[in-house]
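Contents: one structure, followed by commentary.
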Amino acid sequence: MSYMALYRKWRPVVFEDVKGQDPIVQTLKNQITSGRIGHAYLFCGTRGTGKTSVAKIYARAVNCENPRDGSPCNECAACRAILVGRSMNVIEIDAASNNGVENIREIREQVQYPPAEGKYRVYIIDEVHMLSPGAFNALLKTLEEPPSYVIFILATTEVHKIPITVLSRCQRYDFKRISLETLSSRLKELTDAEEIPVEERALRYIAKTADGSMRDALSLLEQCVAFHYGTTLTYENALEVLGAVDSTVFSNLLRAVLEKRTTDCIRILEEMVIQGRELGQFVSDFIWYLRNLLVLKSADDAEALLEMSEDNLKLLREEAKLADTDTLMRFIRIFSDLSNQLRYASQKRVLIEIALIRLTRPQMEENLDSILQRLTDLEKRMDESPALTPELLEQMTVRTVSETGKQTSEQTAQTEKVMLPKAQYEDLMQIRKDWTGIIRDLGKSIGSIPPAFRESELEPGGEQCLCIVFQNPGNFQIGSRPTVLGQLEQYVREKYHKDMNFKVRMRGPGEVTRKMYLCEGEAEQVIHTEITIED
């Protein structure tokens with residue numbers, strides 16, 4: 001006996017074998033048991049979800065002599081004849097190759113004659129969207145008023161191409177993509193029945209790659225088993241056969257991108273090329289990986305939406321902390337555009353390398369999300385760098401050295417030393433240290449905060465009071481608003497658990513700008529650091 005492909009060998013023969021389409025199956029079974037059978041059906045949905053299989057089961061069920069709970073018995077003469085393709089009651093038509101008006105006219109002539117045996121004559125027209133406009137028009141009258149013994153079942157993957165006049169004459173059933181759990185469970189049943197040794201992790205990856213299609217899942221499984229025939233099919237084997245990439249590679253790639261390590265990104269891609277990975281699949285899987293990170297950061301109950309083990313979820317949570325949502329959305333946009341370009345590209349590797357460079361260097365782009373990422377990176381660097389306070393400036397001795405290396409001048413800034421009580425000193429130092437971050441956080445609720453406070457300084461204003469010193473009159477007007485000072489005080493109260501009052505003033509002309517604040521009762525220490533400036 002010749003070998004039969006898995007998707008043909010395990011095609012459902014009764015409604016109970018159909019996986020992932022329970023509402024549709026139950027509705028059709030109810031129609032069979034109640035005798036309320038329609039004359040025209042439209043089965044639409046993505047490939048491999050069971051449209052044609054359900055159509056064939058329904059065709060046998062309506063002609064079955066002994067239906068069982070709405071399913072065909074597959075044992076009576078009518079069922080056996082349909083199963084082996086000898087029945088004249090079930091006619092399958094491929095609209096991709098029979099899409100002309102003359103083909104539909106043949107159907108119109110045939111439906112005039114009742115079936116010689118059985119109850120119904122069933123026409124299954126697959127890929128019906130491929131019919132020409134003239135063929136659709138020729139089909140309309142027959143669809144609207146067919147003989148009582150004729151049933152039309154139209155199947156399509158592109159329902160938007162079906163004329164509304166045809167849609168209105170059919171009962172429409174939308175076949176959904178089959179879930180990952182359902183696909184994995186079905187693959188496990190088949191591998192057990194076929195006595196194929198396989199790891200459960202490999203089955204889950206094959207099911208994920210099938211993207212909701214049972215037929216694709218069985219075809220991919222057969223491909224992997226054939227390559228590693230006689231051995232246990234492992235997760236690594238599945239990756240090797242399908243040209244896919246392990247998730248740890250995406251983790252390393254993401255970290256390299258976020259750390260702006262362009263060379264490492266190119267090396268990771270080169271390793272994928274050397275291993276023979278399919279680059280289009282590599283891009284698609286990386287987009288899916290970024291999507292999982294985005295969902296984990298955005299959704300409240302993200303774990304329920306991500307079908308993965310707890311170990312992988314734990315790793316994903318750690319990586320989700322590395323990037324904000326705007327950055328992830330920018331990465332997804334760039335790689336989604338890249339995925340469309342790769343379909344017709346001859347130099348896929350070059351396009352992917354350009355995309356990786358764009359990820360690590362947002363300054364190459366001028367769109368809004370790239371600018372936002374550049375601003376985010378700049379703010380992060382500002383937060384990580386030490387604040388340049390007057391005290392720090394006073395601790396520096398500036399030297400200028402000529403090209404010959406000889407010292408030409410030395411200037412030491414004059415400083416006014418101010419002694420403060422310990423409590424006031426600690427409050428001042430704590431707020432001054434975080435001042436840049438404070439005004440940035442407030443800027444999210446008050447848009448004018450960051451530019452107005454850019455050149456402001458803090459000085460002691462008394463017991464539990466700080467004074468904000470402005471140099472620009474316009475900024476002083478913004479900073480002196482009661483609403484601004486009120487939100488500033490509330491922010492400090494919530495973050496530092498301190499009741500601080502803020503007041504503002506303008507810096508006077510000729511006022512000493514360099515002050516060193518010292519705590520009463522503690523030794524004054526000044527650290528002199530030389531900065532050499534070379535021409």
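None of the values given here were measured: they were computed from a predicted structure.
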Is the shortest side-chain N to carboxylate O distance from [X] to [Y] below 4.0 Å?
| X | Y | answer |
| --- | --- | --- |
| E16 | K29 | yes |
| E102 | R105 | no |
| R204 | E199 | no |
| E75 | R68 | yes |
| E353 | R349 | yes |
| K176 | D174 | no |
| R267 | E270 | no |
| D192 | K188 | yes |
| K348 | E278 | yes |

Q: Quick one: pull up CE in M214 and CD in Q21 and give me the separation to the nearest 0.5 Å.
A: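 CD of Q21 is found 9.5 Å from CE of M214.
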Q. How long is the gap from CD on E200 to CG on L187, to the nearest 0.5 Å?
A.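 Going from the CD atom of E200 to the CG atom of L187 covers 11.0 Å.
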Q: In sequence, state the C-alpha distance, the side-chain angles, and the governing distance for K260 and R361, and then conclude on side chain to side chain contact (heavy atoms under 4.5 Å, CB included).
A: CA-CA 7 Å; K260 306 296 187 294; R361 299 182 180 179; 6.0 Å; no
Do [X] and [Y] come close enough that some side-chain heavy atom pair is under 4.5 Å?
| X | Y | answer |
| --- | --- | --- |
| Y123 | I107 | yes |
| D94 | S97 | yes |
| L233 | L221 | yes |
| L351 | Q347 | no |
| V150 | H39 | no |
| T142 | F152 | yes |
| F175 | C44 | no |

(Q) Between Y491 and D441, do the side chains contain a donor N or O and an acceptor N or O under 3.5 Å apart? (A)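 There is such a pair (donor and acceptor under 3.5 Å, judged by atom type) between the side chains of D441 and Y491.
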Q: Compute whether any side-chain donor of one residue and acceptor of the other, for D216 and S219, lie under 3.5 angstrom apart.
A: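 No, no side-chain donor-acceptor pair sits under 3.5 Å.
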(Q) Let's go through L279 and L269 carefully: what are the C-alpha distance in whole Å and the side-chain angles of both, what is the deciding distance for side chain to side chain contact (heavy atoms under 4.5 Å, CB included) to 0.1 Å, and is it a yes or a no? (A) CA-CA 9 Å; L279 294 182; L269 177 62; 4.0 Å; yes
(Q) Is it true that, when you exclude E194 itself, more than 12 heavy atoms of the residues, nucleotides or ligands shown sit nearer than 6.0 Å to its CD? (A)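 More than 12 within 6.0 Å, yes.
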Q: List for me each residue that meets side-chain contact (heavy atoms from CB on, under 4.5 Å) alongside N137, sequence neighbours excluded, and say none if there are none.
A: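 Only L140 meet the side-chain contact (heavy atoms from CB on, under 4.5 Å) criterion with N137.
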(Q) Does the Lys NZ or Arg CZ of R201 fall within the cation-pi geometry relative to Y235 - under 6.0 Å from the ring centre and within 45° of the axis? (A)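 R201 over Y235 ring: yes.
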In a table with atom names and distances, give each donor-acceptor pair under 3.5 Å that connects a side chain of residues 52-59 to protein atoms at least two apart or in another chain.
unit_1: S53; atom_1: OG; unit_2: R11; atom_2: NH1; d: 3.0
unit_1: Y58; atom_1: OH; unit_2: Q31; atom_2: OE1; d: 3.2
unit_1: Y58; atom_1: OH; unit_2: Y41; atom_2: OH; d: 2.7

(Q) Apply side chain to side chain contact (heavy atoms under 4.5 Å, CB included) to residues L42 and Q171 and explain how you reach the verdict. (A) CA-CA 6 Å; L42 176 63; Q171 294 184 26; over 6 Å; no
Q: Verify side chain to side chain donor-acceptor pair (under 3.5 Å) between R60 and N74, making sure each step is shown before the conclusion.
A: CA-CA 8 Å; R60 292 197 302 275; N74 294 325; 2.9 Å; yes
